[in-house]
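For reference, the structure discussed in these notes is given below.
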Amino acid sequence: MGRQKVDLLVLDLSGFSSMGEMAGIGALIRSRAGAPTLLLCPYVSSAWIPELMACGPLQYRICPMLNDELQMAVEQCLSTSVNPAAAAQQTLLDKEKELRDLLTIQRSLQRALSSVDDIATMSAQVCLALCSFPGVRHTALLHMKERGDLQLVAQESRNHLDLSRLLERRDRLLQVPLSDIFPPLLAVSGGELVLLDAPEKAGDPELALSLHDREVRMVLALPLRSEAGGPVQGSVCLMFDRHIQFSREQFACFTSLAQFISFGLGMSELKHQNDALAGQLLQISTIDALTGAVNRRRGEDILETEIRRARRYALPLALITFDIDNFRSVNDLYGYPIGDQALRIVAETVQARLRGSDTLARMRGEEFMVVATHTCAIDALKLAEKLRETIAETTLPGCEMVTISLAVAQVGLDEGAISVLDRLDAALHRAKRAGRNCVELAMQ
């Protein structure tokens with residue numbers, strides 16, 4: 001090659017096992033200085049194509065190939081234009097269109113990645129955005145969950161292809177029989193780009209027929225990872241209705257898009273984790289750990305909110321306060337563990353009798369408050385009596401019968417929280433003086 005001109009250099013990568021063996025191949029491509037070079041590459045090693053494109057311009061074909069296909073590829077590489085100026089102008093126009101297509105899909109993907117609040121919504125919008133590239137008929141996003149569970153989280157079809165039906169499942173996709181030949185699954189297991197330019201080259205006639213029936217002529221799959229060498233988060237798959245000879249810039253753009261999608265998935269997962277932690281923190285800061293009722297601070301906030309709501313819409317609002325009779329004696333006689341158990345059982349029993357719109361709050365020690373929305377004094381009295389009877393009939397392991405004393409009040413039209421709580425406190429004291437295990441109405 002150094003002594004004489006070579007019109008076309010054909011490089012067959014079949015038999016090579018790793019990119020580390022490509023140094024000599026790259027040197028040969030660089031030595032061509034732009035002269036025609038045809039690269040023949042097995043589809044399972046198609047990630048080498050963009051790597052070798054960095055060494056110089058080349059044409060590529062995916063193996064295996066029929067003799068007629070190879071002859072046609074050679075003829076195309078050796079063909080020369082009768083009008084070099086026109087050919088150069090056409091090449092420039094093709095590059096401009098390619099750039100417009102890439103900018104369009106980049107903008108669409110940027111808009112899709114703005115919805116990180118919900119990973120399912122974001123994934124669906126990503127698949128929709130990728131369908132804006134010319135020739136794309138189906139897109140899919142596969143995400144790696146815990147313990148190696150690869151799931152199909154979204155797909156967009158313009159050819160009625162359902163990937164979950166093709167693979168016969170939506171999760172644990174690495175366990176399907178096609179895992180070692182289907183491009184999006186190969187991209188995950190191998191962690192590299194996979195380009196299949198004809199479905200039949202995968203070696204599975206049934207798969208090839210299913211894809212051809214849906215007008216799929218080429219499949220490109222890229223692994224999703226947030227950084228080079230990082231763990232694979234899944235893959236993105238694009239199916240085309242035509243054969244496209246990708247340029248180095250197009251390969252680079254698709255790789256960048258895959259990385260952007262990885263960032264979006266990572267941000268969505270991080271936001272989900274943050275929301276879960278925020279929910280746990282809110283529960284810790286507002287829920288009484290022993291009884292499961294809201295704590296005093298949260299109870300007072302809810303009371304203020306419900307008073308404003310009742311005043312605004314002229315709705316009735318009632319409060320019930322109660323405490324456990326002779327609770328100090330329970331602790332003294334049976335011990336604090338039994339006392340804690342009594343508190344917990346009383347709170348759980350009362351909570352089971354309340355509506356979903358009502359709130360049970362532990363105000364202090366053995367004293368509780370119920371905020372009963374849309375409830376007048378008469379109905380609150382009936383509820384309080386039911387609560388009293390239920391607690392009196394409840395068996396508390398380790399101690400004798402426990403009873404509660406209750407006070408009921410309806411919030412006045414212009415009454416504030418402090419005023420109504422003072423009235424309830426006075427009524428609760430009257431219930432205690434009346435012999436306990438009874439209900440008192442707080443009068444205005």
Side-chain angles (χ1 to χ4, degrees), residues 1-99 101-102 134-135 183 186 192-203 208 217-222 240-255:
M1 289 179 61
R3 290 193 300 270
Q4 61 182 353
K5 179 183 177 183
V6 176
D7 293 329
L8 174 63
L9 175 62
V10 181
L11 300 170
D12 187 354
L13 302 185
S14 301
F16 286 86
S17 59
S18 69
M19 191 62 198
E21 300 175 323
M22 296 292 106
I25 301 294
L28 283 174
I29 296 173
R30 281 191 292 269
S31 70
R32 299 288 289 162
T37 301
L38 176 61
L39 190 70
L40 307 180
C41 182
Y43 90 93
V44 293
S45 304
S46 48
W48 296 344
I49 296 174
E51 296 287 343
L52 291 174
M53 280 181 165
C55 299
L58 57 84
Q59 296 291 314
Y60 66 86
R61 295 294 187 274
I62 302 297
C63 298
M65 296 181 67
L66 298 175
N67 289 337
D68 292 344
E69 293 178 297
L70 180 57
Q71 182 177 347
M72 185 180 300
V74 170
E75 291 174 353
Q76 289 177 350
C77 290
L78 290 174
S79 64
T80 57
S81 174
V82 295
N83 188 341
Q89 180 66 25
Q90 184 60 47
T91 300
L92 181 61
L93 293 175
D94 291 342
K95 283 293 181 183
E96 288 179 352
K97 182 180 183 305
E98 177 184 304
L99 179 61
D101 292 338
L102 295 178
L186 275 176
E192 293 184 328
L193 172 151
V194 178
L195 176 62
L196 180 65
D197 70 340
E200 58 271 18
K201 292 182 181 180
R217 301 294 178 263
M218 189 173 76
V219 182
L220 174 65
L222 301 103
F240 299 82
D241 62 3
R242 67 197 73 168
H243 295 98
I244 301 175
Q245 184 81 188
F246 289 127
S247 67
R248 180 187 176 189
E249 291 76 16
Q250 286 174 319
F251 275 122
C253 178
F254 282 122
T255 301

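We use all heavy atoms of the structure for the numbers below, so side chains are in, but hydrogens, waters and symmetry mates are not.
Note that the OG atom of S45 and the CD atom of E51 stand 12.5 Å from one another [nearest 0.5 Å]. Within the model, atoms CG of D12 and CG of L40 stand 5.0 Å from one another, a figure rounded to the nearest 0.5 Å. Here the CG-CG distance, from L193 to L220, works out to 5.0 Å after rounding to the nearest 0.5 Å. Atom CG of residue L9 and atom CG of residue L38 lie 9.0 Å apart, to the nearest 0.5 angstrom. Atom CG of L11 and atom CD1 of I29 lie 5.5 Å apart (nearest 0.5 Å). Between the CD atom of E249 and the CE atom of M53 there is a distance of 9.0 Å, given to the nearest 0.5 Å.
Contact detail for R217 and R242: the closest heavy-atom pair is CB-N, 3.9 Å. In terms of heavy-atom proximity, P57 sits nearest to G34 at CG-CA, 3.6 Å. Heavy atoms only, all atoms of each residue included: R32 and D7 are closest at NH2-O, 3.3 Å. Minimum interatomic distance between A47 and E192 (heavy atoms only, all atoms of both residues): CB-CB, 3.7 Å. Taking every heavy atom of both residues into account, I62 and P42 meet most closely at CG2-C, 4.4 Å. A pairwise comparison of heavy atoms in L13 and W48 identifies CD1-CE3, 3.7 Å as the closest pair.
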Please evaluate residues L186 and Y43 with respect to the criterion side-chain contact (heavy atoms from CB on, under 4.5 Å), reporting the C-alpha separation (whole Å), side-chain torsions for both, the decisive distance (0.1 Å), and the verdict.
CA-CA 10 Å; L186 275 176; Y43 90 93; 3.8 Å; yes

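Aromatic ring pairs are classed by plane angle as parallel below 30°, tilted from 30° to 60° and perpendicular above 60°; the pair F251 and Y60 is tilted.
Side-chain contact between L70 and R61: absent, with no pair of heavy atoms (C-beta onward) separated by less than 4.5 Å.
Proximity of a side-chain donor or acceptor of Q76 to a complementary backbone N or O of A73 within less than 3.5 Å is not detected. Looking only at distances, a side-chain donor or acceptor of H243 sits under 3.5 Å from a matching main-chain atom of D197.
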